[in-house]
Asker: 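First the structure, which I've put down as structure tokens, then a few questions once you've had a look.
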Amino acid sequence: MAKEVVNPDELVVVGEELDHVRIITLNRPRHLNVISSKVVSLLAKYLEQWERDEQAQLILIKGAGRAFSAGGDLKMFYEGRKSKDSCLEVVYRMYWLCYHIHTYKKTQVALVQGISMGGGASLMVPMKFSVVTEKTVFATPEASIGFHVDCGFSYMLSHLPGHLGECLALTGARLNGKELVVAGLATHFVPLEKLPELEKRLISLNVGDENSVKATIEEFSLHVQLDEDSILNKKQIIDECFSKDSVADIIKSFEVEASKEGNEWIGPVLKGLKRSSPTGLKITLRSIREGRKQTLAESLKKEFRLTMNILRTTISADVYEGIRALTIDKDNAPKWGPPILDQVDDEKIDLVFQPFTEDLELKVPEQEDCRWDGKYENSAYAK
């Protein structure tokens, strides 16, 4: 499996059992709680164990330090770039886990005090209750490094109002806590200073009854009002530009809007969009558009294919170049292949979306009687 730079004695995930409450703490604060293979395995273990445990009623998940989770461990993927499918196991397990988080049978509360990005945000958004603060920062910036919106976000973002999903996926635009609540990606806004007290109250509540949990959270939560310059106040422009059929047309439309008085905010967003991987942008737009018509399970299976094909450099090595420029050399000067949108062949994009043979697809159990089936160790890959 993928090589990780992890202290073997480090408790990367801490699980606690307090009467009827179960607490998961993502515990790699110096690394912004990035998700490694060990993190995924422990999360799956705890969640399955507690869903089966009649004593467990309320699940809390939080991050140690100043981040909830900054997403996947990019260095882990980069280190495995020369070994065939070195990250296949962790990718498979993560998508399998995502399905179970979305469909979990017990009340879950995410307490999100800081950075929550990409795969890290997939541990927040699907929860029954996701509590954010003024320090919370959300983004799905995967396209910018030659990847695609993953871990269920082609489904979640595509179901946002209008074409906000395309905007967030393609630009990697950041949302703060208030914006997350208004967008429907979080349920409650609680000031950071009150978060520890809320956690104590939820633990003392000691039940998983949704109404009781909701009432407790609402005692601490504030009504949110968007800042005047919030991107969520730009709905008309976003829907106009990001409804276009292609990435090239989206950029052209955005350029037209940028030239109008009062639209200075578009400049930096447009600059970032143009610096992103052309291949990553094209894959991401198609994935989001498909997500609108797919079930959660269908989206996760598609994302699994995309992830593996991208990591296998089926049509481009952009993901490794993007990681290199962002986290390895940190020169922020990626050399994309190909470097411009017009050179990205749509027929090649088709290749990364092609279904695998049935035995090699992600196995997410959609029938109640086999809920925890489909694990990696029972898949054709493990054999």
Asker: Just wondering, are more than 12 heavy atoms of other shown residues or ligands nearer than 6.0 Å to NZ in Lys200?
Answerer: no

Asker: Would you please test Glu361 and Arg305 for salt bridge (Lys or Arg N to Asp or Glu O under 4.0 Å) and show each step?
Answerer: CA-CA 8 Å; Glu361 292 279 24; Arg305 295 176 209 127; 2.9 Å; yes

Asker: Taking the side chain from Glu51 and the backbone from Lys105, do they hold a donor-acceptor pair closer than 3.5 Å?
Answerer: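 Between the backbone of Lys105 and the side chain of Glu51 there is a qualifying donor-acceptor contact (under 3.5 Å).
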
Asker: Looking at Ser158 and Gly291, what are the two nearest heavy atoms and their distance?
Answerer: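 Shortest heavy-atom separation between Ser158 and Gly291 comes out as OG-C, 3.2 Å.
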
Asker: Would the distance check show the side chain of Asn27 and the main-chain N or O of Leu11 forming a donor-acceptor pair, the cut-off being under 3.5 Å?
Answerer: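 Looks like yes, one N/O pair under 3.5 Å.
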
Asker: Search all heavy atoms of Cys167 against all heavy atoms of Ile238 and return the closest pair with its distance.
Answerer: CB-CG2, 3.8 Å

Asker: Examine the side chains of Asp249 and Ser246 and answer whether a donor and an acceptor come within less than 3.5 Å of each other.
Answerer: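 Short answer, yes.
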
Asker: Return the minimal non-hydrogen interatomic distance between Glu321 and Pro334, and the atom names on each side.
Answerer: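 Minimum heavy-atom separation between Glu321 and Pro334: OE2-CA, 3.4 Å.
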
Asker: Can you check whether Gly272's main-chain N or O pairs, donor with acceptor, with Ser276's side chain at less than 3.5 Å?
Answerer: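 Side chain of Ser276 to backbone of Gly272: a pair is present.
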
Asker: Does Glu377, at its CD atom, have more than 12 non-hydrogen atoms belonging to other residues, nucleotides or ligands within less than 6.0 Å?
Answerer: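 For Glu377, atom CD is crowded (more than 12 foreign heavy atoms under 6.0 Å).
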
Asker: Within the distance-only criterion (no hydrogens, no angle test), does the side chain of Asn33 pair as donor or acceptor with the backbone N or O of Phe68 below 3.5 angstrom?
Answerer: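 Yes, the answer is positive, given that a donor and an acceptor are paired below the 3.5 Å cut-off.
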
Asker: From Phe147 CZ over to Tyr320 OH, what is the distance, rounded to the nearest 0.5 angstrom?
Answerer: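 Going from the CZ atom of Phe147 to the OH atom of Tyr320 covers 9.0 Å.
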
Asker: Say whether, by atom type as modelled, one donor and one acceptor occur between the side chain of Asn206 and the main chain of His20 under 3.5 angstrom.
Answerer: yes

Asker: In sequence, state the C-alpha distance, the side-chain angles, and the governing distance for Glu54 and Lys106, and then conclude on salt bridge (Lys or Arg N to Asp or Glu O under 4.0 Å).
Answerer: CA-CA 10 Å; Glu54 292 182 2; Lys106 296 184 178 179; over 6 Å; no

Asker: Where do Gly337 and Ser316 come nearest, in terms of heavy atoms and distance?
Answerer: O-OG, 3.0 Å

Asker: With the side chain counted from C-beta on, respond yes when Val21 and Leu60 share a heavy-atom pair under 4.5 Å apart, and no when they do not.
Answerer: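 Yes, their side chains come closer than 4.5 Å.
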
Asker: Is the Phe254 ring parallel, tilted or perpendicular to the Phe242 ring (thresholds 30°, 60°)?
Answerer: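 Perpendicular, since the angle between the ring planes exceeds 60°.
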
Asker: So which of Thr307, Thr140, Asn309 actually passes side chain to side chain contact (heavy atoms under 4.5 Å, CB included) with His148?
Answerer: Thr307

Asker: For a 4.5 angstrom cut-off between non-hydrogen side-chain atoms, does Ile217 reach Leu202?
Answerer: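 SC-SC contact between Ile217 and Leu202 confirmed.
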
Asker: If you count every heavy atom of other residues, nucleotides or ligands that lies below 6.0 Å from Lys375 atom NZ, does the total exceed 12?
Answerer: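 For Lys375, atom NZ is crowded (more than 12 foreign heavy atoms under 6.0 Å).
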
Asker: At what distance, to the nearest 0.5 angstrom, does CG of Leu341 lie from CD of Gln343?
Answerer: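 Going from the CG atom of Leu341 to the CD atom of Gln343 covers 10.0 Å.
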
Asker: Cationic tip of Arg312 within the cone over Phe356's six-membered ring, i.e. under 6.0 Å and within 45° of the normal?
Answerer: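 Yes, Arg312 sits over the ring of Phe356.
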
Asker: Using a 4.5 Å cut-off on heavy atoms from C-beta on, say whether the side chain of Leu285 contacts that of Arg289.
Answerer: yes

Asker: Can Arg174 and Glu179 be said to form a salt bridge (Lys or Arg N to Asp or Glu O under 4.0 Å), step by step?
Answerer: CA-CA 9 Å; Arg174 297 186 172 194; Glu179 290 169 326; over 6 Å; no

Asker: How far apart are the C-alpha atoms of Glu17 and Gln49, what are their side-chain angles, what is the distance that settles it, and do they pass the side-chain hydrogen bond (donor to acceptor under 3.5 Å, both in side chains) test?
Answerer: CA-CA 11 Å; Glu17 300 187 0; Gln49 175 185 324; 3.2 Å; yes

Asker: Using only atom types and a distance under 3.5 Å, with no angle test, would you say the side chain of Arg275 pairs donor to acceptor with the backbone of Asn332?
Answerer: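 At least one qualifying donor-acceptor pair exists.
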
Asker: Are any non-hydrogen side-chain atoms of Ile250 and Leu281 less than 4.5 angstrom apart?
Answerer: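 The answer is no, as the side chains (C-beta and beyond) never meet within the 4.5 Å cut-off.
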
Asker: Going through the distances and angles, do Trp372 and His100 end up as a side-chain contact (heavy atoms from CB on, under 4.5 Å)?
Answerer: CA-CA 8 Å; Trp372 293 99; His100 288 287; 3.5 Å; yes

Asker: Output the distance between atom CG (Leu270) and atom CD (Glu255), rounded to the nearest 0.5 Å.
Answerer: 5.5 Å

Asker: Less than 4.5 Å apart, side chain to side chain, heavy atoms only: is that true for Met127 and Ile59?
Answerer: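 No, their side chains stay 4.5 Å or more apart.
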
Asker: Would you indicate whether the side-chain heavy atoms of Lys75 and His31 approach each other to under 4.5 Å?
Answerer: no

Asker: Is it true that Glu48 and Arg52 make a salt bridge, defined as a side-chain N closer than 4.0 Å to a carboxylate O?
Answerer: yes

Asker: Heavy atoms, side chains only, cut-off 4.5 Å: are Val90 and Asp73 in contact?
Answerer: no

Asker: Has the side chain of Lys135 got a donor or acceptor atom that lies under 3.5 Å from a matching backbone atom of Leu192?
Answerer: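 Side chain of Lys135 to backbone of Leu192, a donor-acceptor pair under 3.5 Å: no, none is there.
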
Asker: Scan side-chain atoms only and decide if Thr357 and Asp359 contain a donor-acceptor pair under the 3.5 Å cut-off.
Answerer: yes

Asker: Could you check Arg324 against Asp331 for side-chain contact (heavy atoms from CB on, under 4.5 Å), going step by step and ending with a plain yes or no?
Answerer: CA-CA 8 Å; Arg324 180 206 63 75; Asp331 58 19; 2.7 Å; yes

Asker: Measure the OG-NE2 distance between Ser154 and His159 for me, rounded to the nearest 0.5 Å.
Answerer: 9.5 Å

Asker: From Leu362 CG over to Tyr95 OH, what is the distance, rounded to the nearest 0.5 angstrom?
Answerer: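 Answer rounded to 0.5 Å: 9.0 Å.
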
Asker: For Gln225, does the CD atom sit with more than 12 other heavy atoms under 6.0 Å from it, leaving out its own atoms?
Answerer: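 Open.
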
Asker: Can you measure from CD (Glu142) to OG (Ser277) and round to the nearest 0.5 angstrom?
Answerer: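 The OG atom of Ser277 is 12.5 Å from CD of Glu142, to the nearest 0.5 Å.
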
Asker: Any side-chain donor paired with an acceptor under 3.5 Å for Arg371 and Thr103?
Answerer: yes

Asker: For the side chain of Ser230 and the backbone of Leu232, is there at least one donor-acceptor N/O pair under 3.5 Å apart?
Answerer: yes

Asker: If only side-chain N and O atoms count, and only distance matters, is there a donor-acceptor pair under 3.5 Å linking Ser287 with Lys302?
Answerer: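 On atom types as modelled, these side chains qualify, holding a pair under 3.5 Å.
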
Asker: Among Val319, Ile315, Thr279, which residue satisfies the side chain to side chain contact (heavy atoms under 4.5 Å, CB included) criterion with Ile310?
Answerer: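 One option only clears the test, and that one is Val319.
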
Asker: Ignoring hydrogens and geometry, is there a side-chain-to-backbone donor-acceptor pair from Gln113 to Ala67 under 3.5 Å?
Answerer: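 Checked: pair present.
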
Asker: Going through the checks in order, is the side-chain contact (heavy atoms from CB on, under 4.5 Å) test met by Phe153 and Met156?
Answerer: CA-CA 5 Å; Phe153 273 106; Met156 291 183 278; 3.7 Å; yes

Asker: Determine yes or no for a side-chain-to-main-chain donor-acceptor pair under 3.5 angstrom, with Gln57 supplying the side chain and Val207 the backbone.
Answerer: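 No.
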
Asker: Answer yes or no: is there a side-chain heavy-atom contact under 4.5 Å between Ile23 and Ile203?
Answerer: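 Contact flag for Ile23/Ile203 side chains = yes.
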
Asker: What's the verdict on side-chain contact (heavy atoms from CB on, under 4.5 Å) for Met308 and Leu88, showing C-alpha distance, side-chain angles and the deciding distance?
Answerer: CA-CA 7 Å; Met308 292 315 306; Leu88 191 153; 3.8 Å; yes

Asker: Looking at Lys234 and Glu257, is any side-chain nitrogen of the basic one under 4.0 Å from a carboxylate oxygen of the acidic one?
Answerer: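 The answer is no: the pair does not qualify as a salt bridge.
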
Asker: Could you check Arg292, Lys293, Arg286 and say which one makes a salt bridge (Lys or Arg N to Asp or Glu O under 4.0 Å) with Glu290?
Answerer: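 Filter result, single survivor: Arg286.
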
Asker: When you look at CD of Glu219, are more than 12 heavy atoms from neighbouring residues, nucleotides or ligands closer to it than 6.0 Å?
Answerer: yes

Asker: Measuring centre to centre across the rings, with the benzene-like ring taken for any Trp, is Tyr46 within less than 6.0 Å of Trp50?
Answerer: yes

